[in-house]
Amino acid sequence: MKQKTISVLQLYPRDMNIYGDWGNVLTIVRRLEWHGYTPELLTYNQGDAFPEHVDLVLGGGGQDAGQSKIQDDLLKIGPKLHELAEADVPMLVICGLYQLFGKFFKTSSGEIIKGIELLNLETHAGNERLIGNIVTQSDDFGDIVGYENHSGQTFLADGVKAFGTVVRGAGNSGKDATEGARYKNVIGSYLHGSLLPKNPQVADWLITQAVRRKYGDFEPNVINDTFALKARGIAANRPR
């Protein structure tokens, strides 16, 4: 081991960790180890003290009730998350937390769940659930394979670009062929816990940003991704 530690923070694992989002955390931890670094896994739930040192942030999805439950606490730590984002700390937030990194999520009952406005986007509940296997394409990451499950429709505004362009599936809204969002080193996406296991190039990009930011350089090891590549191929060709 290189004896260099990377602190990985999982946001709200009690309330925002469904549809396999733990898989993203596990992938980052394991790939850090395989690259020769020492992961320090931290968690933040409501009422916790926010960690002093954070190198990489991961957050998952949750139902409307979970989003309402964490809303006030998330708004409280919002300035800290903005500070980390502006300092180029890499982040990946999925589904529910992706929505709440934007301006707001308007539920089907008309409730406005406020977001921290780190990403310039807004989400409105839709009448149709957008669910199934999805393939998107990114100039930076190539084909991104995953699984989406959401009824919220997200619309991007100025200053934020899409994570990918939809090849097959619905994406942010099913209307504009965008999926997810990017700002600096922050990625938001509707692709759940299958995202990083099936897309090691995205996992390694997050790791690269974290390591370079902390240590100035990244010395990767060669990882055998045979099974991940097979999983990608199967998922990409499965019925929606």
Side-chain angles (χ1 to χ4, degrees), residues 9-12 15-19 21 24 44 46 50 56-130 134 136 138 144 146 148-166 169-192 195 202 206:
L9 175 63
Q10 184 182 16
L11 293 175
Y12 303 109
D15 301 301
M16 306 295 287
N17 182 21
I18 60 174
Y19 305 136
D21 292 321
N24 289 328
Y44 178 85
Q46 293 182 80
F50 198 89
L56 196 157
V57 177
L58 299 171
Q63 298 176 343
D64 293 2
Q67 290 175 283
S68 295
K69 185 176 179 180
I70 68 163
Q71 176 185 196
D72 290 343
D73 192 88
L74 179 62
L75 291 173
K76 182 183 71 175
I77 66 171
K80 181 61 178 177
L81 292 169
H82 274 264
E83 180 183 327
L84 292 173
E86 293 303 321
D88 293 325
V89 170
M91 304 184 188
L92 174 67
V93 286
I94 302 297
C95 199
L97 274 176
Y98 165 40
Q99 295 171 349
L100 295 187
F101 265 48
K103 294 179 179 179
F104 62 82
F105 170 48
K106 185 175 182 179
T107 71
S108 58
S109 65
E111 177 188 3
I112 300 293
I113 304 177
K114 295 181 179 178
I116 62 173
E117 301 188 39
L118 199 158
L119 299 171
N120 191 12
L121 54 85
E122 59 187 54
T123 303
H124 301 256
N127 296 322
E128 177 187 3
R129 193 154 197 89
L130 308 176
I134 178 173
T136 69
S138 163
I144 304 168
E148 59 183 341
N149 186 354
H150 60 103
S151 58
Q153 297 186 354
T154 295
F155 301 93
L156 310 183
D158 294 340
V160 59
K161 66 179 182 178
F163 178 37
T165 301
V166 176
N172 283 327
S173 66
K175 298 176 180 179
D176 59 12
T178 65
E179 202 294 309
R182 290 184 64 187
Y183 170 72
K184 296 181 78 72
N185 286 339
V186 179
I187 296 174
S189 176
Y190 276 116
L191 279 61
H192 278 278
L195 175 56
V202 179
L206 291 165

Hey, are the side chains of [X] and [Y] touching, using non-hydrogen atoms and a 4.5 Å cut-off?
X      : Y      : result
Phe101 : Ile116 : yes
Leu84  : Phe50  : yes
Leu97  : Leu74  : yes
Ile144 : Leu195 : yes
Phe104 : His124 : yes

Open item on the list: Is it true that Ser189 and Glu179 share a donor-acceptor pair across their side chains at a distance under 3.5 Å?
Closed with: yes

When you measure from the side chain of [X] to the backbone of [Y], do you find a donor-acceptor pair of N or O atoms at a distance under 3.5 Å?
X      : Y      : answer
Gln67  : Gly96  : yes
His192 : Gly146 : no
Asn120 : Val160 : no
Glu148 : Ala170 : yes
Asp15  : Gly66  : no

TODO: Enter the distance from Asn149:CG to Tyr19:OH here, rounded to the nearest 0.5 Å.
DONE: 4.5 Å

Open item on the list: Nearest 0.5 Å, please: how far is CG in Leu11 from CD1 in Ile77?
Closed with: 5.5 Å

- [ ] Give the minimum heavy-atom separation between Tyr98 and Tyr190, together with the two atoms involved.
- [x] CE2-CE1, 3.6 Å

Task: Stepwise side chain to side chain contact (heavy atoms under 4.5 Å, CB included) test for Val57 and Tyr44 - done: CA-CA 10 Å; Val57 177; Tyr44 178 85; over 6 Å; no

Task: More than 12 heavy atoms from other groups under 6.0 Å of NZ on Lys184 - done: yes

